[in-house]
There are 2 protein chains.
Amino acid sequence: MDRRTPVEDETGQRIVPEAIRRTSRPAEHHAGNRYGNRPTMKDVAARAGVGLKTVSRVVNGEPGVTPDTERRVQEAIDALGFRRNDSARVLRKGRTASIGLVLEDLSDPFYGPLSRAVEEVARAHGTLLFNGSSAEDPEREQELALALCARRVDGLVVIPAGDDHRYLEPEIKAGVATVFVDRPAGRIDADVVLSDNYGGARDGVAHLIAHGHRRIGFIGDMPGIHTAEERLRGYRAAMEDAGIPVEDAWMSLGVTDPERVRRAAEEMLRGPAPVTAIFAGNNRVTVTVIRVLAGQTRQVALVGFDDIELADLLQPGVTVVAQDAAALGRTAAERLFRQLDGSLVTPERVELPTRLITRGSGELPPAD
Amino acid sequence: MDRRTPVEDETGQRIVPEAIRRTSRPAEHHAGNRYGNRPTMKDVAARAGVGLKTVSRVVNGEPGVTPDTERRVQEAIDALGFRRNDSARVLRKGRTASIGLVLEDLSDPFYGPLSRAVEEVARAHGTLLFNGSSAEDPEREQELALALCARRVDGLVVIPAGDDHRYLEPEIKAGVATVFVDRPAGRIDADVVLSDNYGGARDGVAHLIAHGHRRIGFIGDMPGIHTAEERLRGYRAAMEDAGIPVEDAWMSLGVTDPERVRRAAEEMLRGPAPVTAIFAGNNRVTVTVIRVLAGQTRQVALVGFDDIELADLLQPGVTVVAQDAAALGRTAAERLFRQLDGSLVTPERVELPTRLITRGSGELPPAD
DNA sequence: CGCGCTCATGACAACGTTGTCCAGGCTCTA
DNA sequence: TAGAGCCTGGACAACGTTGTCATGAGCGCG
C-alpha cells in the first residue's frame, strides 16, 4: 500500500501523510490578491512588453497580431501560468456559456443518464453545466433555480418539484432560456418535455388485462405529482376500456417509502378477492414490490413503470414500461439551445413515447 | 392528454403548441442590454431614490439601513424583478462560491451517489456545483478541469481519467483547492480519497478461498487504471496467502465491454480444469458475469467489486465487496472545504474501508 | 516625393458589484 | 447650548476583461 506507517482514525479511515507542499497554502491564501496572486492580462502585457489589448487578442485568437508579438505574448502567458478570468469576461460579454440543471436527486438511477445527456448537448455547444438536486422540495428547487439565475446561466433545465413556477417569470422575460422536463411547469407558459406517462401506464395495464387479469392493483406516488396522476389516469383508462370497475382497495396512492409500499402491497394480496397483478407506479415502488412478491407463495403478475437494472436477470424477468431518460434530457437540452439561438419561439409541449418491455413478470397468468 | 390536436413528428414525439408568450423572446434578445434589459442596482437605486451602495446593503442584508429606506428599496427590487448579478460580485469579491466536479460518467450508478454527496456538502457551505464527465478521456478531463478553473471555481473534486495532473499545478498554487477521488493524482502532490481497493479485493478473494475454492478467475479493467491494478494486487495477495499459484488463464485484464467479458468468462469456464469461482473487478463486469453464469448448468461462485442494485433479489444473491460511493464524495468534499478555510494544509491520502456483503453467490461450494 | 491606405497596437471606457471613506444629521451629555 | 460620538447614506475606485476608437508606422502608387 504505502511504505509509511498508516494511522487508523476513529472512522476506520487509513490516513497516510504525503510530502509537504513546497509552498504552504494558507500563507499564500491570506497574502496578496484574492485569487492567490493569479496573473492578469495586465501582468502578461507588462512581461511581454505589449499593451493589454494585444494580450486579449492573443488569448482570444483574434486577428491583427504579428507572429512575433504573438510568440512573445504566448511565452509570457506560459511563464506566468496565466488563465483568463471568465468571471470578468462574462461581466463584459453578457453570456456565461453555462446552463443549469435542477433535478430531483442525482443519485436516482433515472436522473444520471438524463443529466449526462444534457451535459453532452451542452458540451457540443461549448457550454458548462451546473447541477443541483431539489430533493423533491419546491422551496429548494426555487432557491436553486434562482441561485443559478444569479450566476447568469444562459439557460435552465428544470425537473419541477413544485407546481408554481411564476417565480421564474422575470428570469424568462430577461432572456434565460428555460425548459421543463419530466413534469410540466406550473402556472407559467414554458417549454415542456415529458414522457407519455398516461399512454405508457395504459399500455402496461392493458398488457396485464390481455393476459387475463381483472383484479389489478396500482401503487403510485402522491396524486399531487403530475407523473403519478397521469399514470393513475392511464390505469383507470385501461380498466375502463376493458369494462372492469376499479375497487378502491386496489389503489394505493401517495405511498413511496419502502415500508409503506410493502404494507400496501401485502394488503392488496390479502382477503377473499386479492389482486392477481400489480402495476407499480415508478422504479422505487417496483423494487419494493418485487421484494414483497418474492416472499409470496402465489404467483402475482407485475408490470412496473421505469426500467430497472438487472430486471432481465430476476426470476421471472420484470416487465416494465420504460422511459428513455437520455432522450428526455437530450430533447430538453436541444430545445434550450434552440431557444438561445432564436430558432424556437413558441413554447411547446413534447411527449416522448414509452416502450413496453416484456420479460416474464407481466405475462404470468392470473392465479386465482 | 391534451384537447388540442396532437401532431406526430418523425421521431414519434407528440408536439402540442402552447399559448404564445406575451412578449416574443427573440426581439427582446437582440435589442437592448445584453441580459435582456435586466435591471441593475443602479436602476433600483434610481427608482427607490437612494444611493447605489444603499441598495447593495439591502440586497446583502448589511446593517446600517433604516427600516423605512429598506422597505422602499425592497419595493423597487420587487417591482423591477431585480436579481443581483453574481458575475460582477465574483469579480469584485474573488470567491465564486462554486466548486467543480470532474467525474467519469454521470450515468454510471456508482457516480450518482458520489456526486450527490459532494453536492450536499457544497450546499451546506452555500456553494454551487459544476459537473462534468470526462468519459475516461484524459484530454477531456484536462479540458474540463481547466474550463472550471477559468470560471474561477473555488475548488475542484477530480476523479482522474489520466495519470498526469501537472497541468493543475499553477491552479493549485493560485489557490484552487483540489481533491482527487477514487484514483490517485498523477505526478503531483495532492489530497486523495480512495477506497481500499487492495484490501477489499483481497478480502473478497479470501472469502472464496475460505469456501473451498482454489481455481479462482479474475476479470478486471485495464492495468493502467489504478483501481484495477490495486484489485488485481489484492487478488494475487489473497491467492499467495493461501499458497495457491495463480495461472495466467485465470486472469483477464483490460476487458471491460460486455462482449469481451462474456468471452473471457466463458473461456475460464472451459477446459479440463475450469475455474470454480470468479472475482469480478467492477460493477459492469459483475453484471455481465452474472449473465454468463445464468446460462451455465454448473454452479460457479461469484464475488464482485462494487455493489449493484437488486443484487439481493437474484438467485443466488450476489456477494459483493461494496464501496461507499457517498462516503467517498462526502469525505472528498469535506476535505476540500477544509482546504479552503485553511484548516487543512498537508496533502494526505485517505483510504475508506470496503465492506464484504454476503448474499449467496460467494458462498457456493466449488463444483468440480 | 508625397499622399492616402492598410494594418498592428494601445489607451480608455464600460460591464455591475462591493469596499473605503467621508459628509451630514441626529442624539447624548457636560 | 456646544461638542463629541454615532448612525445613515452616498460618492468613488477597483475587480479583469472586451469593444471602440485613435495613433502611428509602413507601404504602394501616382
Side-chain angles (χ1 to χ4, degrees), chain A residues 32-74 76-77 80-97 147 149-152 174-175, chain B residues 32-74 76-77 80-97 149-152 154 174-175:
Chain A
N33 319 5
R34 44 194 117 251
Y35 294 120
N37 292 320
R38 247 176 200 288
T40 72
M41 285 192 178
K42 203 168 143 189
D43 302 324
V44 175
R47 172 151 186 147
V50 301
L52 184 53
K53 180 66 208 199
T54 302
V55 177
S56 173
R57 287 202 183 89
V58 172
V59 169
N60 294 296
E62 286 169 27
V65 181
T66 5
D68 182 58
T69 312
E70 176 166 354
R71 193 185 41 71
R72 284 216 320 283
V73 171
Q74 195 57 56
I77 288 176
L80 295 172
F82 167 80
R83 187 110 40 220
R84 178 179 64 198
N85 184 334
D86 274 2
S87 293
R89 174 167 224 250
V90 158
L91 179 58
R92 192 62 233 264
K93 300 199 74 130
R95 275 293 167 89
T96 57
C149 289
R151 288 283 195 306
R152 292 296 186 271
Chain B
N33 317 5
R34 46 194 115 250
Y35 294 119
N37 293 319
R38 249 176 198 288
T40 71
M41 284 191 178
K42 203 166 144 191
D43 302 325
V44 175
R47 171 151 189 147
V50 302
L52 185 54
K53 179 66 206 197
T54 302
V55 177
S56 174
R57 287 202 183 89
V58 172
V59 170
N60 295 297
E62 286 169 28
V65 181
T66 16
D68 181 57
T69 310
E70 176 167 356
R71 194 185 41 71
R72 285 215 320 284
V73 171
Q74 194 59 56
I77 287 176
L80 295 172
F82 167 79
R83 188 106 46 218
R84 178 180 64 198
N85 184 334
D86 274 2
S87 293
R89 174 168 225 248
V90 157
L91 179 59
R92 190 64 233 266
K93 301 199 74 131
R95 276 293 167 92
T96 57
C149 288
R151 288 284 194 306
R152 293 297 186 268
D154 298 336

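Values in this document were obtained by computation on a predicted structure and should not be read as measured data. The sequence lines fix the lettering, A, B, ..., with proteins before strands; numbering per chain opens at 1.
- At whole-Å resolution of the value, CG in B/L91 and P in C/dT18 are 11 Å apart.
- Using five terminal pairs a side, the axes of the helix from C/dC1-D/dG30 to C/dA30-D/dT1 at its two ends make an angle of 50°, given in steps of 10 degrees.
- Here the side chains of A/V90 and A/R95 are not in contact, with every heavy-atom distance at 4.5 Å or above.
- As judged by a 4.0 angstrom heavy-atom cut-off over every strand, B/D86 is placed among residues making no nucleic acid contact.
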What do the steps show when you test A/R72 against A/D68 for salt bridge (charged side-chain N to carboxylate O under 4.0 Å, His left out), and what is the final call?
-> CA-CA 6 Å; A/R72 284 216 320 283; A/D68 182 58; 3.5 Å; yes
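- The shortest distance between side-chain heavy atoms of B/R47 and B/L80 falls below 4.5 Å.
- The NZ atom of B/K42 sits 13 Å away from the P atom of D/dC12 (whole-angstrom rounding).
- In this structure, the separation between NZ on A/K93 and CG on A/D86 is 10.5 Å, given to the nearest 0.5 Å.
- With DNA chain D read from its 5' end, the first of the two nearest nucleotides for B/T54 and A/F82 is the one closest to B/T54.
- By the 4.5 Å heavy-atom criterion applied to side chains, B/R57 and B/E70 are not counted as neighbours.
- The side-chain contact (heavy atoms from CB on, under 4.5 Å) search around A/A45 returns A/V50, A/V55, not counting sequence neighbours.
- As rounded to whole Å, 9 Å separates atom C1' of D/dG19 from atom NZ of A/K93.
- Spacing between atom CE of B/M41 and atom P of D/dA14 amounts to 20 Å, rounded to whole angstrom units.
- In terms of heavy-atom proximity, A/A48 sits nearest to A/A76 at CB-CB, 4.0 Å.
- For B/R89, the side-chain atoms get nearest to C/dT17 when compared with the rest of C/dT17, C/dG16, D/dT17.
- In this structure, CG in A/N85 is found 8.0 Å from CZ in A/R38, a value given to the nearest 0.5 Å.
- The separation between A/R151 atom CZ and C/dT17 atom C1' is 14 Å, rounded to whole Å.
- Put simply, the side chain of B/R83 never gets that close to the backbone of A/R151: no donor and acceptor are under 3.5 Å apart.
- With sequence neighbours excluded, no residue forms a side-chain contact (heavy atoms from CB on, under 4.5 Å) with A/A46.
- Residues passing the side-chain contact (heavy atoms from CB on, under 4.5 Å) test with B/N60 are B/S56, B/E62, B/R84, B/R89, sequence neighbours excluded.
- For the pair A/R38 CZ and D/dT17 P, the interatomic distance rounds to 10 Å; values are reported in whole Å.
- Using a 4.0 Å heavy-atom distance criterion, B/V50 is classed as a sugar-phosphate-only contact.
- Here B/S56 does not reach the OP1 or OP2 of C/dT17: none of its side-chain N or O atoms lies under 4.0 Å away.
- Between D/dC15 and A/N85, no contact under 4.0 Å exists linking OP1 or OP2 to a side-chain N or O.
- In this entry the distance linking CG of A/L52 with P of C/dC12 reads 12 Å, nearest Å.
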Atom pairs, protein N/O to nucleotides 20-27 of chain C N/O, distance under 3.5 Å:
none

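- Remark: B/R92 is not in phosphate contact with D/dA14, judged by side-chain N or O atoms under 4.0 Å from OP1 or OP2.
- Rounded to whole Å, atom P of D/dG16 lies 14 Å from atom CG of A/L80.
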CA sep, side-chain torsions, deciding dist, call: B/M41, B/V59, side-chain contact (heavy atoms from CB on, under 4.5 Å) | CA-CA 9 Å; B/M41 284 191 178; B/V59 170; 4.1 Å; yes
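- Of all the residues in residues 63-72 of chain B, not one reaches under 4.0 Å from DNA chain C with any non-hydrogen atom.
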